Amino acid sequence: MSRLTQWAAALAAAVLLAGCSGGPSGAGRDEGKGRSAPASGLPSSLTSQRLDWGRCKAAAGSPAPGGDWQCATLEVPLDWSRPDGETIDLALIRARATGRRIGSLIFNFGGPGGSGVDTMPSYGSVVGALRQRYDLVSWDPRGVGRSKGIRCRSDRRIQAAETVDTTPDTPAEERAYFQDAADFGQGCKKAAGKLLAHVSTTDTARDLDLMRQVLGDSKLHYFGFSYGTELGGVYAHLFPRRVGRLVLDAVVDPTADSVGHARNQARGFQRALNGYLKSTGQDPEQGSRKIAALLERLDAEPLPTSSGRKLTQTLAFTGIALALYSESSWPALTLALSAAERGDGSALLAFADAYNERDKSGRYGTTTHSQRAISCLDAKQRPTPEQARKLLPEFKRISPVFGPFMAWDTAGWCHAWPVPGQHDTPPVSAPGAAPILLIGNTGDPATPYEGARRMADELGKGVGVVLTWKGQGHGAYGSGSDCVDSTVNAYLLHGTVPKDGKVCS
């Protein structure tokens, strides 16, 4: 089981679903475009590059986006300390503005590890109102998807690893758990090579600023979800004077280290589970104990499924967690839990497979591979197995369902990682930046509500403006609140900054 992915739009889609060269013609007149702020110290081969927009290619397992979507590649330095050295290509996608253009609005859907190139077309209808004034742009960050995506192990080995107990109860299970973690890191090192040391959030923030310049914008206009909020905060810290209109939805707590992040997620998912249980007429404490007991039984004896595979404790935990990302999936969760109580693990396994991006032929996606490579390079903290064991009582008190997994994950996630981490917490202070709109959802499982206010405090006085939504699920924009959507649209389209502390219910 990987750390719970902070991937708002794409994970919601997993629950609910499933051109010619572009020039200025056909788009509205730019409003206040001005000259791009220079990226000092970069060679002109990077700053003056022209993007060759053209028809997008199909990805494995999905058709090419049609309509107005165009794709291109952006050249960036592999090592930002040597900008005149080796370069890599980043995959970009866009749809041109339909009216009087403000500039580009760049989206990051989180993870880290989520593919913007694959997600942006399916999300385009949600942000259709914004396309009137902006080119809608997204990309696969370095180490992700079509931008030298990192794949750390084969499909066969991924499926085999699903039998590893991620809440080990014996010395043998503990050895197997940490050996699997070490093997995963070595697989990443072998697959990524020297790129593994250059996929940090800081590296990607610098890529984002070069992207801004090459797209022709003097300021960055940006919409970040979940992990994308951390990226937006790091960008604002590095380039406060280049901040345009930034929206950060489902805000990561920038004051939390690795253990703090796990603690936050245990609390957030338990809070979401309580909301789900109340919606079904159950007492949250009793309902949580019942689910925890189911997971204990699965630890001893996995359930059969219609596919012939077994539903393990870890896969059941994964399926339950995914179902809490969107309130619309709660009825399906009820059916899945009822089926599991009757001895059929098929529905919970389907949820887990959606999280793990496993298709019917047994192929897995690589979002969690990239996520681990990026987050382990970011995080300096490396808790030991002994420290994880000491966290268990506290984490079980926070959540009898999610606590044990989160506690062990603090040590297992980056165990024996082949490159050192960069910081304890991400630097996001941005004095002098323009106001940044932060959206906190009181029922968010993966990025608990408190993160929005902490991000605002870290950004600095007069920078972070918090909008609260009293809702459920991961993320707020496009989730059914006219209040949230209209506030965000007014900010992005007209520059109208809401009062700090505004509440949408």
Side-chain angles (χ1 to χ4, degrees), residues 30 32-44 46-49 51 74-84 87-88 90 92 102-108 110 112 116 134-135 137-139 141-142 147 198-225 227-249 251-252 254 374 377-378 422-423 425-438 455-465 491-492 495 497:
D30 290 0
K33 181 175 176 181
R35 292 181 60 84
S36 300
S40 59
L42 295 182
S44 61
L46 295 177
T47 59
S48 301
Q49 61 184 299
L51 300 177
L74 173 73
E75 188 178 0
V76 299
L78 168 66
D79 181 350
W80 271 99
S81 69
R82 297 180 61 250
D84 56 348
T87 62
I88 57 175
L90 305 183
L92 276 62
I102 294 172
S104 300
L105 181 60
I106 304 177
F107 289 79
N108 181 280
Y134 290 99
D135 296 346
V137 179
S138 192
W139 86 110
R142 53 176 63 211
S147 299
H198 300 290
V199 292
S200 72
T201 299
T202 298
D203 291 319
T204 294
R206 295 189 182 281
D207 294 342
L208 189 55
D209 194 58
L210 179 58
M211 189 186 311
R212 169 202 60 78
Q213 184 177 10
V214 172
L215 288 170
D217 294 322
S218 59
K219 302 281 187 178
L220 177 73
H221 306 304
Y222 173 83
F223 206 141
F225 296 90
Y227 160 79
T229 66
E230 180 179 326
L231 174 59
V234 170
Y235 178 90
H237 172 74
L238 292 172
F239 309 106
R241 300 297 179 183
R242 297 176 192 168
V243 168
R245 298 173 188 176
L246 266 65
V247 177
L248 308 182
D249 187 1
V251 183
V252 173
I374 295 166
L377 179 57
D378 279 351
Q422 295 187 351
H423 50 243
T425 59
V428 298
S429 63
I436 297 173
L437 180 58
L438 314 174
M455 177 70 83
D457 291 342
E458 290 295 301
L459 286 170
K461 186 176 181 180
V463 178
V465 177
Y491 169 76
L492 288 173
V497 181

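Bear in mind the structure is a predicted one, so any value in this text is a computation, not a measurement.
- The closest side-chain heavy-atom distance from Leu208 to Phe239 is not below 4.5 Å.
- The backbone N or O of Leu377 sits nowhere less than 3.5 Å from a side-chain atom of Ser200 that would complete a donor-acceptor pair.
- Side-chain contact between Gln49 and Leu210: present, with at least one pair of heavy atoms (C-beta onward) separated by less than 4.5 Å.
- By the 4.5 Å heavy-atom criterion applied to side chains, Leu438 and Leu459 are counted as neighbours.
- Side-chain contact between Thr202 and Trp80 is absent, with no heavy-atom pair separated by less than 4.5 Å.
- Here the options are Leu46, Val76, Asp79, Leu74, the test is side-chain contact (heavy atoms from CB on, under 4.5 Å), and the partner is Thr87; only Leu46 passes.
- Under the 30°/60° scheme for interplanar angles, the aromatic rings of Phe107 and Phe223 are found to lie parallel.
- Side chain of Tyr491 to main chain of Leu246: a donor-acceptor pair is present (N/O by atom type, distance under 3.5 Å, no hydrogens or angles).
- Classification of Asp209 and Arg206 as a salt-bridged pair fails, no side-chain N sitting under 4.0 Å from a carboxylate O.
- Paired with Ile436 under the rule side-chain contact (heavy atoms from CB on, under 4.5 Å), one option of Val465, Val247, Val463 passes, and it is Val463.
- Looking at Leu220 and Ile106, their side chains come closer than 4.5 Å, going by heavy atoms from C-beta outward.
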Candidate pair Asn108 and Tyr235, rule side chain to side chain contact (heavy atoms under 4.5 Å, CB included), full reasoning: CA-CA 12 Å; Asn108 181 280; Tyr235 178 90; over 6 Å; no
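- Proximity of His221 to Leu492: side-chain heavy atoms (C-beta onward) are nowhere separated by under 4.5 Å.
- No side-chain heavy atom of Ser147 sits less than 4.5 Å from a side-chain heavy atom of Arg142.
- Within the 4.5 Å cutoff, the side chain of Pro43 has heavy atoms near those of the Pro83 side chain.
- Shown here for Glu230 and Asp378, the closest heavy-atom pair between the two residues is OE2-OD2, 3.8 Å.
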For Arg245 and Ile102, run side chain to side chain contact (heavy atoms under 4.5 Å, CB included): C-alpha distance rounded to whole Å, both residues' side-chain angles, the deciding distance at 0.1 Å, then the answer. CA-CA 11 Å; Arg245 298 173 188 176; Ile102 294 172; 3.6 Å; yes
